Enquirer: 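The structure's right below; bear with me while I get my questions together.
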There are 2 protein chains.
Amino acid sequence: MNVTIKDIARLAQVSHTTVSRALNDSPLINSETKEKIKQLAQEMGYTPNFSAKSLVMDRSYNIGLFFSTLNTGTSAGFFYETVRGINSVVKDAYNLVVRGIDDYEHYRSIHRKSFDGVIVMSQSAKDEPFLHHLSEAGIPHIVLNRKVEGLPAINILSDDSHGSYKVVNYMIKKGHRRIAIISGKEIFHSTLERRDGFVRALQDAGIELKESYQVGASYDLKSGYTAMLKLLALPERPTAVFCMNDDMAVGAVKAVHDAGLQVPGDVSVAGFDDSMFSAYLSPALTTVKRPIEEISRQGALVLLESIEQKTLAPETIYLRTELVVRESVAEPAKA
Amino acid sequence: MNVTIKDIARLAQVSHTTVSRALNDSPLINSETKEKIKQLAQEMGYTPNFSAKSLVMDRSYNIGLFFSTLNTGTSAGFFYETVRGINSVVKDAYNLVVRGIDDYEHYRSIHRKSFDGVIVMSQSAKDEPFLHHLSEAGIPHIVLNRKVEGLPAINILSDDSHGSYKVVNYMIKKGHRRIAIISGKEIFHSTLERRDGFVRALQDAGIELKESYQVGASYDLKSGYTAMLKLLALPERPTAVFCMNDDMAVGAVKAVHDAGLQVPGDVSVAGFDDSMFSAYLSPALTTVKRPIEEISRQGALVLLESIEQKTLAPETIYLRTELVVRESVAEPAKA
DNA sequence: ACATATCATGCACACGTTAACAATCCAAAA
DNA sequence: TTTTGGATTGTTAACGTGTGCATGATATGT
């Protein structure tokens with residue numbers, strides 16, 4: 001049997017009310033008795049019953065971390081860094097509950113009583129109904145990784161468009177003109193952003209966009225592999241390929257090798273994310289660093305703050321992406 | 001304001017007790033009224049208040065997933081697959097709460113009221129005090145990934161020793177005699193297991209163990225890189241190197257390349273885990289498949305069962321590992 | 001010495017749910 | 001008719017905690 005404040009009250013010869021106040025540092029209580037009670041609680045190994053607390057305080061002490069999906073399209077490194085970033089902030093003040101949005105058929109079971117706040121790692125516009133639900137239910141929430149258009153929200157995301165601009169621009173500076181792109185899932189918002197940077201960089205350099213140099217994939221290794229195969233089969237194959245994430249870049253590099261060609265000798269390849277392994281590939285991957293852990297940490301901080309203060313001003317915070325130059329992009333071979 | 005069973009009771013002209021019974025499918029209630037109430041609840045958008053439920057039922061509806069650490073040593077793929085496996089079983093019957101054991105200074109706040117059950121993804125013997133705490137606190141729990149010695153527990157793990165035996169044996173069959181090993185953190189139990197298989201394979205083949213062919217690392221990419229550098233600097237360098245996980249193998253391969261050598265031409269390399277990316281490296285990594293997602297799924301199933309039935313018989317379930325032959329191990333060059 | 005302000009504590013209820021026990025109704029048995 | 005008993009429903013308390021209000025004690029000011 002667990003000790004309750006009533007047990008403490010009995011031993012301390014006071015009412016359970018006094019104990020409750022003492023443990024919550026109420027200014028109403030004499031500091032001596034307060035100390036006495038606190039020490040007693042400590043000795044008896046008291047821990048509050050959060051169910052009871054929740055019931056009366058109308059709080060759940062749960063923070064929800066929702067991904068668009070936990071199945072396909074979410075890369076392991078991305079997932080890991082997100083959880084780590086948030087966990088480092090949340091500690092044990094709250095329970096961090098991890099979920100996939102697509103696990104739900106309806107959102108009825110998600111309400112203010114079950115989550116004090118929600119962090120949405122939003123990858124796709126498909127999440128919109130879920131975000132609407134959070135708004136209607138009055139659950140404090142923040143959206144990471146994606147700018148949501150319809151409704152006001154707190155957004156924290158990286159400047160993906162600018163990031164991909166930088167890496168493509170870098171390719172151009174190296175002398176590439178035949179530059180292709182391997183895209184991720186069309187439904188993901190970051191896909192649009194990254195393509196936008198690609199297109200802008202090409203336009204600014206006066207390079208024409210070729211339809212055949214844009215091939216779709218789905219952010220996983222295999223899709224990057226097959227996409228690159230398509231590009232290599234082209235009559236005039238590109239000299240540089242920008243992949244929308246590192247996973248696909250790994251697949252793409254593999255495809256180049258399997259075709260008996262070299263990276264970057266025959267084809268330059270760049271990725272996006274700066275996954276942990278990208279520095280250790282051969283050749284080391286030139287990519288764009290995206291501060292996922294930092295985004296997550298900041299997001300958690302903002303959310304906790306807004307939970308305490310009950311005041312959440314819609315805002316959008318952009319965190320900088322950073323070009324990471326390694327070995328996989330070089331000057332094109334003289335044609 | 002949320003609707004409660006009392007609100008439903010008022011509209012249905014019954015007592016709140018009847019509503020509670022109806023919604024819980026009690027056989028005491030007339031099936032007509034039961035239907036009527038259920039429908040009404042549906043229309044009113046009723047969702048139970050879990051705090052109240054928890055308080056009276058003495059359950060938290062929380063399942064804890066504890067990793068030894070969320071910081072260093074836990075690889076992203078491992079983490080991701082674990083969460084996925086468990087999540088696929090737990091669904092929304094429980095909240096899945098993710099934590100790192102090393103986040104805690106004391107375990108006082110972890111008790112039967114805060115977790116209905118706990119899944120420990122245990123990587124190190126350092127977890128022992130935590131496991132003891134769970135036992136003492138009477139919290140149903142299972143231990144994944146590691147055989148715990150001291151106290152009775154439900155264990156689900158892969159047969160790592162046998163797995164590494166298989167891959168090292170494969171190297172020997174290919175003709176290697178100078179075989180080295182790159183170890184992970186000594187504190188991790190799997191490190192001992194995998195070394196055991198390595199040693200046995202060598203002994204069975206009558207190959208002498210060389211001290212200089214055993215170098216320590218810490219399961220991350222970088223440590224694999226530097227460990228391989230040491231091996232390459234040896235006067236008589238090994239022809240094959242077994243890395244205790246795929247991450248280190250990636251680092252090791254990189255080191256070989258940076259030294260101007262080839263895999264598997266000059267040095268064969270094998271890993272462990274069969275991470276998602278290992279098939280897409282160049283050369284594709286020969287490794288041992290470890291069914292992490294399956295272990296997690298099974299573990300979750302067993303835990304849920306034992307929570308319902310209140311009966312948990314200590315047992316140890318081993319899941320098979322599997323040699324995955326790819327390109328990174330070949331016959332040694334004629335010396 | 002008395003009124004008043006300040007401080008410290010206790011009483012009683014509330015939160016939403018379940019469950020032991022009591023109560024009612026109606027049909028069947030005596 | 002009276003009794004028994006099953007089927008339904010209601011009454012009440014309980015879970016552990018926080019809080020508005022009342023109460024008592026002590027110090028302050030006149």
Side-chain angles (χ1 to χ4, degrees), chain A residues 1-38 40-41 44-62 93-94 108-109 111-116 308, chain B residues 1-38 40-41 44-62 93 95 108-109 111-116 308:
Chain A
M1 198 50 199
N2 255 318
V3 315
T4 73
I5 54 171
K6 292 190 180 179
D7 299 328
I8 301 177
R10 209 172 305 124
L11 261 80
Q13 316 253 43
V14 295
S15 74
H16 77 276
T17 308
T18 303
V19 176
S20 170
R21 292 206 177 101
L23 296 178
N24 288 323
D25 256 336
S26 158
L28 293 176
I29 302 296
N30 178 291
S31 48
E32 279 179 44
T33 44
K34 195 185 282 185
E35 274 315 309
K36 195 181 74 182
I37 290 174
K38 277 187 180 176
L40 195 53
M44 300 174 70
Y46 169 78
T47 53
N49 182 320
F50 275 84
S51 304
K53 219 166 166 149
S54 298
L55 182 57
V56 58
M57 301 291 280
D58 204 25
R59 304 192 43 194
S60 63
Y61 299 95
N62 284 159
Y94 293 89
R108 224 175 298 136
S109 63
H111 40 72
R112 212 161 56 259
K113 309 263 178 178
S114 52
F115 292 104
D116 288 349
E308 312 291 335
Chain B
M1 198 51 200
N2 255 318
V3 314
T4 73
I5 53 171
K6 292 191 180 177
D7 298 330
I8 301 177
R10 208 172 305 126
L11 262 80
Q13 316 253 41
V14 296
S15 76
H16 72 277
T17 308
T18 303
V19 176
S20 171
R21 292 207 179 99
L23 295 178
N24 288 322
D25 256 337
S26 158
L28 293 176
I29 302 295
N30 178 292
S31 50
E32 277 180 46
T33 45
K34 195 185 283 188
E35 273 315 309
K36 194 181 73 182
I37 289 174
K38 278 187 179 176
L40 195 53
M44 299 173 70
Y46 169 78
T47 54
N49 181 321
F50 275 84
S51 304
K53 217 164 167 154
S54 299
L55 183 56
V56 59
M57 301 290 279
D58 204 26
R59 306 195 37 199
S60 63
Y61 300 97
N62 284 158
N95 286 326
R108 222 174 302 136
S109 63
H111 39 72
R112 212 161 55 261
K113 309 263 177 175
S114 52
F115 292 104
D116 289 348
E308 313 290 334

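By convention in this document, chain letters (A, B, ...) are assigned in the order of the sequence lines, proteins followed by strands, and residues within each chain are numbered from 1. On a predicted model such as this, the values are computed, not experimentally measured, just so you know.
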Enquirer: Give me the one residue out of B:Ser15, B:Pro48, B:Ser20 that meets side-chain contact (heavy atoms from CB on, under 4.5 Å) with B:Ile5.
Expert: B:Ser20
Enquirer: Provide, to the nearest angstrom, the distance between the OH atom belonging to A:Tyr61 and the C1' atom belonging to D:dG16.
Expert: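 Going from A:Tyr61 (OH) to D:dG16 (C1'), I get 13 Å.
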Enquirer: Round to a whole Å and report the spacing from NZ of B:Lys36 to P of D:dT8.
Expert: 14 Å
Enquirer: Let me know the distance between CG of A:Asn2 and P of D:dG16, rounded to the nearest Å.
Expert: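 For the pair A:Asn2 CG and D:dG16 P, the rounded distance is 9 Å.
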Enquirer: Looking at every heavy atom in both B:Arg108 and A:Thr47, which two are closest together, and how far apart are they?
Expert: O-CG2, 3.3 Å
Enquirer: For A:Ile29 and D:dT19, what is the distance between atoms CD1 and C1' respectively, to the nearest whole Å?
Expert: 12 Å
Enquirer: Return the CD1 to CG distance between A:Ile37 and A:Leu23, rounded to the nearest 0.5 Å.
Expert: 7.0 Å
Enquirer: Hey, mind stepping through A:Val19 and A:Tyr46 against side-chain contact (heavy atoms from CB on, under 4.5 Å) and telling me if it holds?
Expert: CA-CA 11 Å; A:Val19 176; A:Tyr46 169 78; over 6 Å; no
Enquirer: Please report the distance, rounded to the nearest Å, between CG in A:Leu23 and C1' in D:dG16.
Expert: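 Atom CG in A:Leu23 sits about 13 Å away from atom C1' in D:dG16.
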Enquirer: For each nucleotide in nucleotides 17-24 of chain C, reading 5' to 3', give B when a protein heavy atom comes within less than 4.0 Å of its base, S when such contact involves only the sugar-phosphate, and - otherwise.
Expert: BBBBB---
Enquirer: Donor-acceptor pair, distance only, cut-off 3.5 Å: does the side chain of B:Asp116 make one with the backbone of B:Ser60?
Expert: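 Yes; judged by distance alone, with no hydrogens or angles, the pair exists.
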Enquirer: Please report the distance, rounded to the nearest Å, between CD1 in A:Ile8 and C1' in C:dT9.
Expert: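 For the pair A:Ile8 CD1 and C:dT9 C1', the rounded distance is 17 Å.
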Enquirer: Distance only, no hydrogens: is a donor on one side chain within 3.5 Å (strictly under) of an acceptor on the other, for B:Asn2 and B:Asn49?
Expert: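 No pair is found: no donor N or O on one side chain lies under 3.5 Å from an acceptor on the other.
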Enquirer: Is there any side chain to side chain donor-acceptor pair (under 3.5 Å) pair reaching into residues 23-35 of chain A, and which pairs are they, with sequence neighbours excluded?
Expert: A:Asp25-A:Lys38
Enquirer: Ignoring hydrogens and geometry, is there a side-chain-to-backbone donor-acceptor pair from A:Ser51 to B:Ser51 under 3.5 Å?
Expert: no
Enquirer: Specify the angle, to 10°, made by the local axes at the two ends of the helix from C:dA1-D:dT30 to C:dA30-D:dT1 when five pairs are taken at each end.
Expert: 60°
Enquirer: Is there any protein nitrogen or oxygen under 3.5 Å from a nitrogen or oxygen in nucleotides 22-24 of chain D, and what are the pairs?
Expert:
none

Enquirer: Looking across every strand, which nucleic acid part, if any, lies under 4.0 Å from A:Thr33 by heavy atom: base, sugar-phosphate, or nothing?
Expert: sugar-phosphate
Enquirer: Distance check needed: C:dG16 C1' versus A:His111 NE2, whole Å only.
Expert: 12 Å
Enquirer: For D:dT9, does OP1 or OP2 lie under 4.0 Å from any side-chain N or O of B:Ser15?
Expert: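 No, B:Ser15 has no side-chain N/O under 4.0 Å of OP1/OP2 on D:dT9.
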Enquirer: Taking ring-ring contact (aromatic ring centres under 6.0 Å, His included) as the test, write out the residues that go with A:Tyr61, two or more places apart.
Expert: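 ring-ring contact (aromatic ring centres under 6.0 Å, His included) list for A:Tyr61, sorted by chain: A:Phe50.
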Enquirer: Taking atom CG of B:Leu11 and atom NZ of B:Lys36, what is their separation to the nearest 0.5 Å?
Expert: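 Between atom CG of B:Leu11 and atom NZ of B:Lys36 there are 10.5 Å.
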Enquirer: Whole angstroms only, please: what is the CD-P distance between A:Glu32 and C:dA8?
Expert: 10 Å
Enquirer: With sequence neighbours excluded, tell me which residues meet salt bridge (charged side-chain N to carboxylate O under 4.0 Å, His left out) with A:Arg10.
Expert: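 Scan of A:Arg10 (salt bridge (charged side-chain N to carboxylate O under 4.0 Å, His left out), adjacent residues dropped) gives A:Asp7.
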